Number of protein chains: 2
Amino acid sequence: MTGTGLRELKKQRTRDALLRAALELFTTQGYEHTTVDEIADAVEVSQRTFFRYFANKEEVVFAVQDMVESHFVDALRRRPPEEGPFEAMRHAVRSAWDTIGEAIGQVVPVELHMRAYQMIESTPSLIAVHLRRSAELDEQVARLIADREGLDVDTDPRPRVAVAAFAAVMRVTGRLWGQGEDASVEAIRELTEDYLDHLEPALATDWRSPAARPARGRTDRTRPDAADTPEREAGAHTE
Amino acid sequence: MTGTGLRELKKQRTRDALLRAALELFTTQGYEHTTVDEIADAVEVSQRTFFRYFANKEEVVFAVQDMVESHFVDALRRRPPEEGPFEAMRHAVRSAWDTIGEAIGQVVPVELHMRAYQMIESTPSLIAVHLRRSAELDEQVARLIADREGLDVDTDPRPRVAVAAFAAVMRVTGRLWGQGEDASVEAIRELTEDYLDHLEPALATDWRSPAARPARGRTDRTRPDAADTPEREAGAHTE
DNA sequence: AGACATTATGTCAGCCACTGACAGTTGACA
DNA sequence: TGTCAACTGTCAGTGGCTGACATAATGTCT
């Protein structure tokens with residue numbers, strides 16, 4: 001597939017140029033206010049050529065995302081088998097963020113990609129596509145996890161369910177991060193860690209006891225909805 | 001807003017006609033192979049008129065879904081406050097399915113809506129929109145749950161996280177149901193119950209021990225209208 | 001009932017995403 | 001260097017969607 005030298009090089013260049021131009025335009029003018037013609041003009045190719053590199057306008061937005069995702073999947077594959085599912089996913093996420101530059105730096109500056117990510121989170125039509133893609137990734141990850149644990153994904157619902165729950169947390173944080181000020185990698189990394197800490201406790205039924213690791217007690221509401229809830233280690237971040 | 005009689009009646013009729021015609025065409029020919037012109041022609045109005053009733057081609061697909069969702073939200077609002085979050089959501093889902101006819105029957109036959117739902121699940125662009133809409137619903141539900149529990153959704157991450165996990169399960173089942181043969185309401189109802197039973201076990205780290213949890217007392221499945229029955233045996237959620 | 005204000009609808013022109021077909025150009029390779 | 005294959009541009013056309021304007025239907029007031 002990777003044909004001969006010069007031709008291939010030019011193609012690569014055109015593709016990268018289109019990609020960068022598109023992201024630059026999208027992040028400055030907004031996705032919907034940027035036409036494909038503009039992008040093509042910026043790189044001095046015809047609109048038709050744009051569509052030969054990218055199946056549609058959305059695809060160019062998620063091209064980099066693709067790289068990041070397979071970077072994450074690779075990291076997950078490398079986790080030692082002793083780690084439990086959550087542990088493994090969590091470490092994989094962390095390690096993926098830590099080395100994101102290696103994955104995409106050649107094609108696009110990390111900072112531009114971060115801006116692009118924020119743009120996705122604030123553009124309804126892109127959010128939709130983003131969510132569908134995430135769902136597809138979930139499926140892939142579920143199979144991976146099932147393999148690790150020696151389970152059959154078609155028989156045992158637990159891998160899918162666990163991944164779905166994990167991914168849901170990731171999406172919540174992604175959204176919050178997108179709305180926040182700090183567009184840095186560190187910001188989203190920390191937010192993620194924070195929220196993951198809350199996954200299990202949130203699934204307990206008894207939310208009436210003090211925050212944090214809930215004491216497995218009663219479901220008894222003698223306490224008048226005290227607004228004096230100490231902001232303990234709950235979630236004092238955004239806002 | 002709800003202006004005078006005759007005008008309003010005609011509008012209602014046109015809207016319903018467009019809705020039914022659209023769903024009928026979509027479910028038989030497929031979404032992408034149906035043009036807006038076809039729909040408009042079927043009802044003998046201009047294309048422009050179609051777009052005055054529905055902002056875009058997608059909206060007509062989800063118009064009924066809208067009704068179903070608020071039906072569910074209503075059911076959730078009616079759950080007794082003693083029920084825990086999961087318990088309440090679970091019962092609300094069940095009761096919503098049980099009475100879906102009351103919610104949409106006036107506008108569209110339930111069977112057509114079920115076919116439409118399957119079509120959504122098998123049309124990529126619609127899946128995307130569906131997921132975005134679900135995410136929005138999640139947010140609404142999270143606030144509702146937070147209210148029930150006397151929590152602040154901006155301070156405490158647990159409502160959002162819990163709802164996200166719950167909703168994730170719902171989506172997995174929705175997808176599986178869409179791929180399956182049985183398009184009946186009962187089928188998706190049972191599938192949902194089944195999967196929800198696995199939510200918590202899936203979050204335990206140790207998956208190497210035997211499989212899940214044997215039956216909990218779901219003995220009263222035959223009862224059709226269990227809407228406001230506070231089944232006090234939700235021991236399945238303690239843990 | 002007649003006159004006037006509202007509002008729904010149709011028509012038309014036009015933008016933009018996207019595609020198939022055909023022709024011209026350029027790199028690969030003997 | 002000439003031939004072939006692959007890349008690109010141009011053109012025409014479809015489908016979703018919108019603004020502007022004219023027309024027709026309905027509601028309201030006297």
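This is a predicted model, so every value here is computed, not measured. Heavy-atom basis, side chains included; hydrogens, waters and symmetry copies ignored. Order of the sequence lines sets the chain letters (A, B, ...), proteins ahead of strands, with each chain counted from 1.
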Whether [Y] and [X] form a salt bridge (side-chain N of Lys/Arg under 4.0 Å from carboxylate O of Asp/Glu) is what I want to check.
X         : Y         : result
Glu87(A)  : Arg79(A)  : no
Arg133(A) : Asp138(A) : no
Arg77(A)  : Asp147(A) : no

For [X] and [N], what is the distance between atoms [atom1] and [atom2] respectively, to the nearest whole Å?
X        : N       : atom1 : atom2 : answer
His33(A) : dC16(C) : NE2   : C1'   : 13 Å
Lys11(A) : dT26(C) : NZ    : C1'   : 14 Å
Asp37(B) : dT14(D) : CG    : C1'   : 10 Å
Asn56(B) : dC15(C) : CG    : P     : 21 Å
Phe51(A) : dA17(C) : CZ    : P     : 7 Å
Arg13(B) : dT26(D) : CZ    : P     : 12 Å
Glu8(A)  : dC7(D)  : CD    : P     : 7 Å
Asp41(B) : dG15(D) : CG    : P     : 12 Å

(request) For Arg52(B) and for Val36(A), find the nucleotide of DNA chain C with the closest heavy atom, then tell me which residue's nucleotide is more 5'. (result)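 Of the two residues, Arg52(B) wins.
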
(request) Look up atom CZ in Arg115(B) and atom OG1 in Thr28(B), then write down how far apart they are to the nearest 0.5 Å. (result)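 The OG1 atom of Thr28(B) is 7.5 Å from CZ of Arg115(B), to the nearest 0.5 Å.
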
(message) Distance check, rounded to the nearest 0.5 Å: Met170(B) atom CE versus Ile188(B) atom CD1?
(response)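 If we round to the nearest 0.5 Å, Met170(B):CE and Ile188(B):CD1 are 7.0 Å apart.
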
(message) Quick check: any donor-acceptor pair below 3.5 Å linking the side-chain of Arg7(A) to the base of dA28(C)?
(response)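 Looking at the base of dA28(C), it does not pair with any donor or acceptor on the side chain of Arg7(A) (distance under 3.5 Å).
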
Taking only side-chain nitrogens and oxygens of [X], does any of them come within less than 4.0 Å of OP1 or OP2 of [N]?
X        : N       : answer
Tyr53(B) : dT9(C)  : yes
Lys10(B) : dT26(D) : yes
Thr35(A) : dC16(C) : no

(message) Is the distance between the ring centroids of Tyr117(B) and Trp177(B) under 6.0 Å?
(response)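 Yes, close enough.
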
(request) To the nearest 10°, let me know how far the axis at one end of the helix from dA1(C)-dT30(D) to dA30(C)-dT1(D) is tilted from the axis at the other, five pairs an end. (result)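 Taking five pairs per end, the axes differ by 10°.
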
(request) Verify, without hydrogens or angle tests, whether Thr35(A) (side chain) and Glu38(A) (backbone) share a donor-acceptor contact under 3.5 angstrom. (result)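 Yes; at least one donor-acceptor contact below 3.5 Å.
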
(message) Measuring from the side chain of Gln47(B) (C-beta onward, heavy atoms only), which nucleotide among dT19(C), dT10(D), dC17(D) has the closest atom?
(response)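 Nearest nucleotide to the side chain: dC17(D).
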
(message) Which nucleotide wins on minimum distance to the side chain of Arg48(A), given the candidates dG10(C), dG16(D), dG20(C)?
(response)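 Of dG10(C), dG16(D), dG20(C), dG20(C) is nearest to the side chain of Arg48(A).
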
